[in-house]
Protein chains: 2
Amino acid sequence: MQDLYFKHPKFHVALDCIILGFDENELKLLLIKRGFEPEIGKWSLMGGFLGDQESLDQAARRVLKSLTGLTNVFMEQTYTYGTPERDPVSRTLSVAYYALIRTDLYDQQVAANYGAKWFSINDIPALIFDHNQMVKQALEMLQLKSKTKPIGFELLPERFTIPQIRKLYEAIDRQELDHRNFSKKVKAMPWLKKLDIKDKSNSKKGAYLYEFDPIIYKRQQADGINFSI
Amino acid sequence: MQDLYFKHPKFHVALDCIILGFDENELKLLLIKRGFEPEIGKWSLMGGFLGDQESLDQAARRVLKSLTGLTNVFMEQTYTYGTPERDPVSRTLSVAYYALIRTDLYDQQVAANYGAKWFSINDIPALIFDHNQMVKQALEMLQLKSKTKPIGFELLPERFTIPQIRKLYEAIDRQELDHRNFSKKVKAMPWLKKLDIKDKSNSKKGAYLYEFDPIIYKRQQADGINFSI
DNA sequence: GCAAAAGTGTTCACACTACACCCATGC
DNA sequence: GCATGGGTGTAGTGTGAACACTTTTGC
């Protein structure tokens, strides 16, 4: 009966990571200069091949770690790409994952070795294969998901100000938000803990710092109160 | 440089279809009795292996057609499953797709040959491998997507009544809806064309039949008016 | 004292909710 | 004539949108 399996073709399987960060009030994408043929020298997502003993999630995390040094990062599968002609060398499926990281934490040294560079998502160069489409779909997924889950905070430092959150959501949604209404909405969230410290890096007056409290968030969620922005 | 590819392992790739229909005011799932080892005789999603020259979408449509005879069906990829141990015979990745079909149109003869049977989604048996999880994720995706895109109509016949649409959304969301408020919402949609015919199969008075007009829907969409329910 | 960003308050309109009643028809 | 499902109307309410002013502080 195993014939039923072994008469079927096998395929290479790759993982590609859409690595997103938030800096200078912009969403940024981490790209590398591809180091091997085909398309050597072109910009590309960080990717890697699936190994024999790995799950897809494990492989994606391995790929992310190899470029950024980061573990324990928010990461989610988006979509699997598999048209026969997408990789000209050998037929390869690619499972795309997006990762949300804090730009201040990643390993700049390793990234430099890969020729990695941050690009504003408003200014993404032509990428190899179908990588541009992968980025597009990942950004759409982020837009959707960020409205109902507090994943945006994965892109901010531990402590952040309300204007910072607003700039982040403005970057994700590509639209300006009224700062008074936004502030009201955010302050109504019981899982945001206001600190007594101000951050003066962006203004003379200074803005209060906040922390996301996952404990309270989980408790509220259990009570059926959901995140919504 | 092709070494970089060929030193990496290859994998079997399968497609599994979550085939959903709407009948007797319930969401239904089409399952087959698995005809080969392992787990022969157990209930299973309809699946198949990816062929050498096919895209994932093409393969999924081939699998769907082989069971139901249907083409031109709404179908979307949901998620790719790839833990090493998910298929005990040979490591196999599976790309899941869900399909929304009209239960009156599918080929009952072919389906019968596969030992296929419709199950209420409230009463799904234990399935092989990780198929129960696939169904769960597909239903969550349907719930999300049906709120912002008019994909629900894919499950209804060409002509349908407003009470029918309501029953459908009640089945998708697993909650009752106020029929007066629902009716108002639906009637505000310019892409629903009211016919002068009544359907009396469910009541003595009869309910007016409606049709979904894709032309008007596309035009409205272009104007930035989106589906929302 | 002024520019620049942060913080707070009010009004208004619309959309969603929760309801109750009449209508048509087969039996 | 009555039970059953289909259709419509209305009042209240709460959320989101639009908008203006004061505060703090570095220069």
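All values derive from a computational prediction rather than experimental measurement. Here is the naming used below: chain letters follow the sequence lines, and residue numbers restart at 1 for every chain.
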(message) Can a donor-acceptor pair be found, under 3.5 Å and without considering hydrogens, that links the side chain of B:S94 to the backbone of B:Y81?
(response) no
(request) Would you confirm whether the ring centroid of B:Y106 sits within less than 6.0 angstrom of the ring centroid of B:W118? (result) yes
Please list each protein N or O that sits under 3.5 Å from an N or O in nucleotides 18-21 of chain C, with the distance.
unit_1	atom_1	unit_2	atom_2	d
C:dA18	N7	B:N181	ND2	3.1
C:dA18	N6	B:N181	OD1	3.2
C:dA18	N6	B:K184	NZ	3.3
C:dC19	N4	B:R180	NE	3.3
C:dA20	N7	B:R180	NH1	2.6
C:dA20	N6	B:R180	NE	3.4
C:dA20	N6	B:R180	NH1	3.2

(message) Between the side chains of A:D23 and A:K28, is the shortest nitrogen-to-carboxylate-oxygen separation below 4.0 Å, so that they form an ion pair?
(response) no
(message) Under 6.0 Å between ring centres: does that hold for A:Y79 and B:Y79?
(response) no
(message) Taking ring-ring contact (aromatic ring centres under 6.0 Å, His included) as the definition, give me every residue that meets it alongside A:F119, ordered by chain and number, with sequence neighbours left out.
(response) A:W43
(request) In whole angstrom, give the distance that lies between atom CD1 of B:I165 and atom P of D:dG7. (result) 10 Å
(request) Determine the sole option in B:I19, B:I151, B:L29, B:L45 for which the side chain to side chain contact (heavy atoms under 4.5 Å, CB included) test with B:Y98 is passed. (result) B:I151
(request) Report yes or no: does A:D223 contribute a side-chain atom to a donor-acceptor pair with the main-chain N or O of A:I225 at less than 3.5 Å? (result) no
(request) Could you check how far NZ of A:K185 sits from P of C:dG7, rounded to whole Å? (result) 18 Å
(request) Scan residues 190-212 of chain A against DNA chain D and write down, sorted by residue number, each residue with any heavy atom closer than 4.0 Å; if none is found, say none. (result) A:K200, A:K204, A:K205
(request) List in numerical order all residues of residues 222-229 of chain B for which some heavy atom is under 4.0 Å away from an atom belonging to DNA chain C. (result) none
(request) Taking only Lys NZ, Arg NE, NH1 and NH2, and the carboxylate oxygens of Asp or Glu, determine whether B:D178 and B:R180 approach each other closer than 4.0 Å. (result) yes
Name each donor-acceptor pair under 3.5 Å that joins a side chain in residues 167-174 of chain A to protein atoms two or more places apart or in another chain, with its distance.
unit_1	atom_1	unit_2	atom_2	d
A:E170	OE2	A:R166	NH1	3.4
A:E170	OE2	A:L177	N	2.9
A:R174	NH1	A:N122	OD1	2.9

N/O donor to acceptor pairs below 3.5 angstrom from side-chain atoms of residues 202-214 of chain B, sequence neighbours left out:
unit_1	atom_1	unit_2	atom_2	d
B:S203	OG	B:G206	N	3.0
B:E211	OE2	B:R159	NE	3.2
B:D213	OD1	B:I215	N	2.9
B:D213	OD1	B:I216	N	3.3

